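Written out below as structure tokens is the structure these notes cover.
Remember, predicted model here, so these are calculated numbers, not experimental data. Only heavy atoms go into these numbers, but all of them, side chains included; no hydrogens, no water, no symmetry mates.
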Amino acid sequence: QVQLVESGGGLVQAGGSLKLSCVASGRTLGNYVMSWFRQTPGKEREFVALIRWSAGSTYYADSVKGRFTISRDNAKNTVYLQMNSLKPEDTAVYYCAAVPSVLSPIRPQSYNYWGQGTQVTVSS
């Protein structure tokens, strides 16, 4: 069992920054993939970024490349999403997810550990 708790969402002006945190408890994350997804009403849950816990390798959706950075703190079992140059289209509920390494880590169906989500709203 892995429990995930997100925090750090809020309201920012376009062009501003936010840093989201996801604290994992219940298990060490040695072989896990940790990911951020986002979702708006009426749309499919969308992949944002992932990090492979052991190696620290990362992968980003094209829509956030160059603006968002995913990172981890091994001692705190925490993954972060630094979001810069925010745009109104980044407005969504952001979810943290975890799964042991899988073939298709950008598919939400690959995950069964999810946080509760944190709202990010970007005003124009």
Please examine the side chains of [Y] and [X], heavy atoms only from C-beta on, and report whether any two atoms are closer than 4.5 Å.
X      : Y      : answer
Ser71  : Gln82  : no
Leu20  : Val120 : yes
Gln13  : Ser124 : no
Ile106 : Tyr59  : yes

Any idea which heavy atoms bring [X] and [Y] closest together, and the distance?
X      : Y      : answer
Ser85  : Asp90  : O-OD2, 4.5 Å
Leu4   : Ala24  : CD2-CB, 3.6 Å
Pro108 : Trp114 : O-CZ2, 3.6 Å

Say you draw a straight line from [atom1] of [X] to [atom2] of [Y]; how long is it, rounded to the nearest 0.5 Å?
X     : Y     : atom1 : atom2 : answer
Leu81 : Cys96 : CG    : SG    : 9.5 Å
Thr58 : Phe68 : OG1   : CZ    : 14.0 Å
Leu18 : Leu11 : CG    : CG    : 8.5 Å
Ile51 : Tyr80 : CD1   : OH    : 11.5 Å
Asn77 : Thr28 : CG    : OG1   : 7.5 Å
Arg45 : Thr40 : CZ    : OG1   : 11.0 Å

ILVMFWY network linking [X] to [Y], side-chain heavy atoms under 4.5 angstrom:
X     : Y     : value
Leu29 : Val33 : no
Leu50 : Val93 : yes
Met34 : Tyr95 : no
Val48 : Val23 : no
Met83 : Val64 : yes

Got a donor-acceptor contact below 3.5 angstrom from the [X] side chain to the [Y] backbone?
X      : Y      : value
Ser57  : Arg52  : no
Glu6   : Gly117 : yes
Arg72  : Trp53  : yes
Thr78  : Lys76  : yes
Thr118 : Gly9   : yes
Ser110 : Pro105 : no
Gln39  : Ala92  : no

Checklist entry - Can you name the residues that form a salt bridge (Lys or Arg N to Asp or Glu O under 4.0 Å) with Lys43, not counting sequence neighbours? => result none
Item to check | Sequence-distant partners of Tyr94, side-chain hydrogen bond (donor to acceptor under 3.5 Å, both in side chains), two or more places apart | outcome: Arg38
Checklist entry - Are Trp36 and Phe47 close enough that their ring centres sit under 6.0 Å apart? => result no
Next on the checklist: Counting neighbours of CD on Glu44 that are heavy atoms of other residues, nucleotides or ligands and sit closer than 6.0 Å, is the number greater than 12?
Outcome noted: no
Next on the checklist: Less than 3.5 Å apart, any donor N or O on the side chain of Ser101 or Tyr32 sitting next to an acceptor on the other?
Outcome noted: no
Checklist entry - Should Asp62 and Lys65 count as an ion pair when the cut-off is N to O under 4.0 Å? => result yes
